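Reviewing the structure listed below.
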Protein chains: 2
Amino acid sequence: MFVVENLYLGNQVRNMRLSPTLKKIAEQLNVSISTVSRALKDHPDISAETKQKVNELATLIEYDPNPYAVNLRTHNNKEFAIVVPSLSNFFYHSFISSIEEDARQQGYSVFIYRSSNDPQIELGILKSCRLKRVSGVFISITTETKDISPFTKLDGYGIPVIFFDKVPGSELCNKICVGDEHAAALAAAEILKKGIKNVLGIFGDLNMSITQARFQKFKTILAEGAEKIKLKTVHALNSNEAEQAALHAIEDYKGEYFAVFCMSDEILAGVMKAVQRKNLRVLQDVGIISISDGMIPKLFYPEITYAETSGFKLGKLALNRMMRCIAGSSFAQTIVDESRLIAGGSI
Amino acid sequence: MFVVENLYLGNQVRNMRLSPTLKKIAEQLNVSISTVSRALKDHPDISAETKQKVNELATLIEYDPNPYAVNLRTHNNKEFAIVVPSLSNFFYHSFISSIEEDARQQGYSVFIYRSSNDPQIELGILKSCRLKRVSGVFISITTETKDISPFTKLDGYGIPVIFFDKVPGSELCNKICVGDEHAAALAAAEILKKGIKNVLGIFGDLNMSITQARFQKFKTILAEGAEKIKLKTVHALNSNEAEQAALHAIEDYKGEYFAVFCMSDEILAGVMKAVQRKNLRVLQDVGIISISDGMIPKLFYPEITYAETSGFKLGKLALNRMMRCIAGSSFAQTIVDESRLIAGGSI
DNA sequence: ATTATGACCGCAAACGTTTGCGGTAACATT
DNA sequence: AATGTTACCGCAAACGTTTGCGGTCATAAT
């Protein structure tokens, strides 16, 4: 590490500019503050002449209303907060992009908070959202979040909360989530279609509702489809465990063809490492299929076939729901987005 | 997609709670607002008895100061803004985590803005930061950002700006960035050490300063180290172009051993696809080395050797610099973090 | 000549804090 | 008895807006 430090930054500290205010404009123009305020918002009470003078001066000195003063008066800001446990996640990325795009169009700005998957930090963020009276919050809760009363409290202050992805169990809230069952079913159906006999399914922590849903559905569809399929399932808590599981399976199947279903990107990553380590050829030696947001599957050749959990579409749905809430809808809605199969060449 | 909508959410809209204020506490306790205010901040003028009464009632009714009112009075908030072009980037992820951790400890909260690599949006975000009088902003500018006067303007309002990663050329600002030359040199040295004869270097857009730095240094070190190395270089604007370039190279070298240097993760992704497509064995048939934030290299087996550009360390440095600025430092400092080589088994 | 009608504008209160300053009572000091 | 000291506390202004209401002119209607 090295440092270059030698340039004096001028005297920006000494003559710190103070922002222009309504008062200054008013004094300059010899009118009252109220007149200026009204002129700037094109109020009918103000003459065209005055309006012009005010607007000219305002743009000249680059007037911008002080958001704190405005908010203190109006209790109304146009910003959304998005709260996520982590950012290293393509799904969140696409979700956020999607929301932002539309929100901006409707005059809302959005900023992102990161809870680090820590309920304590999450609580702090929530509080700050409440105090700031944001227009609404989109949140994917931490895996440790038990108590959802802080969220309903937000609602109590008139701030709509839309849960997405990681959502609480309670029915009394607005939820937008990916169709776990549907995605699992899609993958299972694809395996059936290809007529594969040996299947290894690798799933995450069974304590997570997302795992339960995918696990159950996958098993069921496979069982319904053909009884001569030999399905092994295993639960891996991280990428490493997934790799180990795949490694063992490769030993066990001893050259026999089999397919691996990966419940998540993390698991897929581990499995692909095992495949490479053993120098297996995807498709020829082993079939791979996954549920994914689409980033990891495209890193391999052949690209991995996966059931897509698109943050993009979910974002649109979420913002739509949010606008409804702001408009006064007081129903709790659970929206489940069904995914589609993106065919790579891996199965 | 399907929707469940049937539950009425109670009447949270009707009896929307209004937040507790100093005034309410004052009325309840028959003291003045000033007394309450002072009691809550443990002012010596207030008796222990009064303080206790106030504090009790305050926690009881869950009083929290209205940030807008506070700010209007004090012009002082404790929050940092981090502005990034995109979120799908492990480097930013680690940078942000790193900053957040320390900032929280010092009583600052941080939120994240996303510019979508659009200078227009970036401008809007900057303005909002100025109006909100955030305590400081960390920013990685868009690739299209030409005019840095909006940033110096922030400085003019007493808001420190720390650039990171994508930084402007000007010397008159605080910059924290990865050591492009150093990382390239590290990779080149590794290639020399392994005594490899044929090298393909794939770089990004030559218009980007980051490309220029890495390109130059890589070439120089290689040339200095050994004259019998045959180096081909090519510029790829995206993952696909990188894949094509690697594909061609594989044809050209016709079985001869060679190594590929990838300037970035995006390029590495393309190259690895080509390698898999041609069924080459990494290490045995082809050597791979990259500059990376460490996410992609770990997805393959053997893991890819790379020169690390750690957002984590950079974050620490950036926050440190920020605190200095807030404390009044008026020097412009350019800090360059040198990277280290993370050995996988790919070369 | 009086009254109605607009068009245009300003007063002042309110949002919820913070803080300088002044005030009162009790007690200690001359 | 007059003065000084100390411990507490409240008044009021200020931060920068928004907005209901009332006011002043000029012009049009009676």
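No experiment lies behind these values; they were computed from the predicted model shown. First the proteins, then the strands, lettered A, B, ... as listed; each starts at 1.
- We find that A:Glu101 and A:Lys316 are joined by a salt bridge, their nearest charged nitrogen and carboxylate oxygen being less than 4.0 Å apart.
- In summary, the aromatic rings of A:Tyr108 and A:Phe80 are positioned with their centroids under 6.0 Å apart.
- As a whole-Å value, the separation of B:Lys51 NZ from D:dC8 C1' is 11 Å.
- With distances taken from any side-chain atom of A:Thr35 to the nucleotides C:dC9, C:dT17, C:dG16, the minimum falls on C:dC9.
- Checking C:dG16, C:dC11, C:dT18 against the side-chain heavy atoms of B:Arg73 singles out C:dT18 as nearest.
- Out of D:dC21, C:dT17, D:dG10, the shortest distance to the side chain of B:Leu22 is found at C:dT17.
- At whole-Å resolution of the value, CG in B:Leu29 and C1' in D:dG10 are 15 Å apart.
- You'll find a donor-acceptor pair under 3.5 Å spanning the side chain of B:Arg38 and the base of C:dG20, going by distance alone.
- A:Glu62 and B:Lys153 are joined by a salt bridge, as a carboxylate oxygen and a charged side-chain nitrogen come within less than 4.0 angstrom of each other.
- B:Ser47 comes within contact range of the sugar-phosphate backbone alone, with a heavy-atom separation under 4.0 Å but no base atom that close.
- The interatomic distance linking B:Lys24 (NZ) with C:dT17 (P) rounds to 9 Å, in whole Å.
- Counting non-hydrogen atoms under 4.0 angstrom, B:Asp45 reaches a base of the nucleic acid.
- Summarising the geometry, the separation between CG on B:Asn66 and P on D:dT17 is reported as 17 Å, rounded to the nearest angstrom.
- Using a 4.0 Å cut-off between charged nitrogen and carboxylate oxygen, B:Asp45 and B:Arg38 do not count as a salt-bridge pair.
- The base of D:dC11 lies close enough to the side chain of B:Ser34 for a donor and an acceptor atom to sit less than 3.5 Å apart.
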Assess the residue pair B:Phe164 and B:Phe95 against the criterion (ring pair (Phe, Tyr, Trp, His ring centres under 6.0 Å)); give the C-alpha distance rounded to whole Å, side-chain angles, the decisive distance to 0.1 Å, and a yes or no.
CA-CA 9 Å; B:Phe164 69 96; B:Phe95 181 86; 3.8 Å; yes

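- Distances from the side chain of A:Tyr63 to the nucleotides D:dT17, C:dT18, C:dC9 place D:dT17 closest.
- Per the geometry, CG belonging to B:Asn71 stands 14 Å off C1' belonging to D:dT17, to the nearest Å.
- Taking atom CG on A:Asn30 and atom C1' on C:dC8, their separation rounds to 16 Å, with Å as the unit.
- Between the P atom of C:dG16 and the CG atom of B:Asn76 lies a distance of 21 Å, rounded to the nearest Å.
- When the P atom of C:dG10 is taken as reference, atom NZ of A:Lys23 falls 16 Å away, rounded to whole Å.
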